[in-house]
Amino acid sequence: MENQNAVSENLPKLLILRPPHIINLFEDQFSDKFQLLKPWESPIPTDQFLAAHCASVEAMLISGLTPITADVLRLLPLLRLICTTSAGLNHIDLPECRRRGVSIASAGSAYSEDVADLAVGLLIDVLRRVSAANRFVRDGVWPIKGDYPLGSKLGGKRVGIIGLGSIGFLVAKRLEALGCSISYNSRKKKPSVPFPFYDNVCDLATNCDVLVLCCALTDQTRHMINKEVLLALGKEGVIINIARGAVIDEKELVRCLVEGEIAGAGLDVFENEPQVPPELFALDNVVMSPHRAVFTEESLWDLCQLMLGNLEAFFSNKPLLSPVVDE
């Protein structure tokens, strides 16, 4: 045990403020290469723990649930790398990181295939009433009420993708293959993309049957899907959110669903997770999942290897594998 501890102390230090899924699943992969600093196992408060290690911590591994604020960064003056297991970056104070010269490596496209699959799955479920029909059968209602209400066809739907990054593009290609017509809104028009571009989200909604949200949560996109956009989508419209809950004005979404102002929703994310508006529980035209779009056994293994690769590159003075680059 003493030899093992001595070996560990010679390894580069890696701070983990709270354990992401890949540490819960693959801790041995990391502990073989790094000395893991885990404040949640320490008897002293986190700020004291950070003060005790501030002179030696250059790299940190976090999840999207760990806020990295200017106050946290001030406690770690030698920090030079943040590896985040999320694709989104709204939990990190990016301007402060830039000011301090802290590099960031993200999940990149490690989740993109899985998230795109779930987005399509949610849309099919809402349109064809798969989950609601499953409850209809399981609850023994079929013999009593007879035929279940008709769903709606996917092919031919006009789908607007909001945020045509790696996830949005994969959603578009999947739905195009299923017979949908695609248009999109993004921060800027992408010259290499054949789909029609709308620079106004409300105009996109007016010309679509479905909106699929794939954008990052920023000051510009918070509550971007508001009452005006939802009403433009209309009574036959469906919205799918695999981005972040706060991209939608959730109170307006609930009101529109309850009052029949839109036809349905597939939601993997919510504004105040894990709290979900109780009004949604009784609605058969709403399909929900608990923010799990990114999580498959395969994606978590790929993510583990990506994070290890980023950390090894950093400590070897090599380029990061999935750096976050300012646009």
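Only this structure's heavy atoms are used, side chains among them; waters, hydrogens and symmetry mates stay out.
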Subject >> Basic-acidic side-chain contact under 4.0 Å: Arg174, Glu113 >> reply: yes
Subject >> Nearest-0.5 Å distance, OG of residue Ser131 to CG of residue Asn285 >> reply: 12.0 Å
Original post:
Hey, are the side chains of Cys214 and Phe169 touching, using non-hydrogen atoms and a 4.5 Å cut-off?
Top reply: no
Original post:
Atom CG in Asp219, atom CG in Asn90: separation rounded to 0.5 Å?
Top reply: 10.0 Å
**OP:** Before giving the answer on side chain to side chain contact (heavy atoms under 4.5 Å, CB included), spell out for Val57 and Leu79 the whole-Å C-alpha distance, their side-chain angles and the decisive distance to 0.1 Å.
**Re:** CA-CA 6 Å; Val57 171; Leu79 185 71; 4.2 Å; yes
Original post:
Taking all non-hydrogen atoms of both residues, which atom of Val247 and which atom of Ala216 are closest, and how far apart?
Top reply: CG2-O, 4.4 Å
Original post:
Can you tell me if CD1 on Ile144 sees more than 12 non-hydrogen neighbours from other groups inside 6.0 Å?
Top reply: yes
**OP:** Report yes or no: does Asp125 contribute a side-chain atom to a donor-acceptor pair with the main-chain N or O of Arg128 at less than 3.5 Å?
**Re:** no
Original post:
Can you check whether Asp199's main-chain N or O pairs, donor with acceptor, with Asp203's side chain at less than 3.5 Å?
Top reply: no
**OP:** Please check if any side-chain donor atom of Ser166 sits under 3.5 Å from a side-chain acceptor atom of Ser112, or the reverse.
**Re:** yes
Original post:
Does one hydrophobic cluster hold both Leu306 and Leu300, with members joined at side-chain heavy-atom distances below 4.5 Å?
Top reply: yes
Original post:
Would you say Glu312 and Phe34 make side-chain contact, with heavy atoms under 4.5 Å?
Top reply: yes
Subject >> Working for side chain to side chain contact (heavy atoms under 4.5 Å, CB included), residues Leu123 and Lys157 >> reply: CA-CA 11 Å; Leu123 178 56; Lys157 289 289 187 291; over 6 Å; no
**OP:** Determine, using the 4.5 Å side-chain heavy-atom cutoff (strictly less than), whether Leu170 and Leu175 are members of one ILVMFWY cluster.
**Re:** no
Original post:
What is the minimum heavy-atom distance between Pro77 and Arg80, and which atoms define it?
Top reply: O-NH1, 3.6 Å
Subject >> Atom NZ of Lys38 with >12 non-hydrogen neighbours under 6.0 angstrom >> reply: yes
Subject >> Single-linkage hydrophobic cluster Val137~Val130, side-chain heavy atoms < 4.5 angstrom >> reply: no
Original post:
Taking side chain as C-beta onward, heavy atoms only, is Val102 less than 4.5 Å from Ile68?
Top reply: no
Original post:
Aromatic rings Phe295 and Tyr111: how do their planes relate, parallel, tilted or perpendicular, breaks at 30° and 60°?
Top reply: perpendicular
Original post:
Once the angle between the rings of Phe195 and Tyr184 is folded into 0 to 90°, is it parallel (under 30°), tilted (30 to 60°) or perpendicular (over 60°)?
Top reply: perpendicular
Original post:
Does some side-chain heavy atom of Leu73 sit less than 4.5 Å from a side-chain heavy atom of Ile82?
Top reply: yes
**OP:** Keeping the roles fixed (side chain from Asn226, backbone from Glu228), state whether a donor-acceptor pair exists under 3.5 Å.
**Re:** yes
Original post:
Closest heavy-atom contact between Arg292 and Asp268?
Top reply: N-OD1, 2.8 Å
Subject >> Separation between CG of Leu267 and CD1 of Ile248, rounded to the nearest 0.5 Å >> reply: 6.0 Å
Subject >> Verdict with supporting geometry, Leu81 and Leu320, side chain to side chain contact (heavy atoms under 4.5 Å, CB included) >> reply: CA-CA 10 Å; Leu81 174 68; Leu320 298 174; 3.8 Å; yes
**OP:** Would you mind telling me which of Glu252, Glu250, Glu271, Lys251 makes a side-chain hydrogen bond (donor to acceptor under 3.5 Å, both in side chains) with His223?
**Re:** Glu271
Original post:
Which atom names give the shortest non-hydrogen contact between Asn310 and Ser106, and what distance separates them?
Top reply: ND2-O, 4.3 Å
Subject >> Check: Pro290 and Pro274 side chains under 4.5 Å, non-hydrogen atoms >> reply: no
Subject >> Hydrophobic cluster identity match, Leu230 and Leu283, side-chain contacts under 4.5 Å >> reply: yes
Original post:
So does Glu297 have more than 12 non-hydrogen atoms from other groups sitting under 6.0 Å from CD?
Top reply: no
Subject >> Closest contact, heavy atoms only, Ala110 versus Asp114 >> reply: O-OD2, 4.3 Å
Original post:
With a 4.5 Å heavy-atom cut-off, do Ile161 and Ser186 have their side chains touching?
Top reply: no
Original post:
Does NZ belonging to Lys13 count more than 12 external heavy atoms closer than 6.0 Å?
Top reply: yes
Subject >> Distance-minimising heavy-atom pair for Val229 and Ala205 >> reply: O-CB, 3.7 Å
Original post:
Any side-chain heavy atom of His21 sitting closer than 4.5 Å to one from Leu303?
Top reply: no
Subject >> Criterion side chain to side chain contact (heavy atoms under 4.5 Å, CB included) on Gln305 and Asp302, from CA distance to verdict >> reply: CA-CA 5 Å; Gln305 300 308 305; Asp302 291 344; 5.7 Å; no
**OP:** Without swapping roles, check the side chain of Thr221 against the backbone of Met224 for a donor-acceptor pair under 3.5 Å.
**Re:** no
**OP:** Drop me the distance from Cys215's SG to Gln220's CD, to the nearest 0.5 angstrom.
**Re:** 11.0 Å
Subject >> Validation row: Leu217, Arg222 side chains within 4.5 angstrom (heavy atoms) >> reply: yes
Original post:
In this structure, are over 12 heavy atoms from other groups packed under 6.0 Å from Glu236 atom CD?
Top reply: no
Original post:
How long is the span from the CE atom in Met288 to the CG atom in Leu122, to the nearest 0.5 Å?
Top reply: 11.0 Å
Original post:
How long is the gap from CG on Leu65 to CZ on Arg18, to the nearest 0.5 Å?
Top reply: 5.0 Å
Original post:
Short question: side chain of Asn272, backbone of Gln275 - any donor-acceptor pair under 3.5 Å?
Top reply: no
**OP:** Could you state whether Phe270 and Leu257 fall into the same hydrophobic cluster, counting links through intermediate Ile, Leu, Val, Met, Phe, Trp or Tyr residues with side-chain heavy atoms under 4.5 angstrom apart?
**Re:** yes
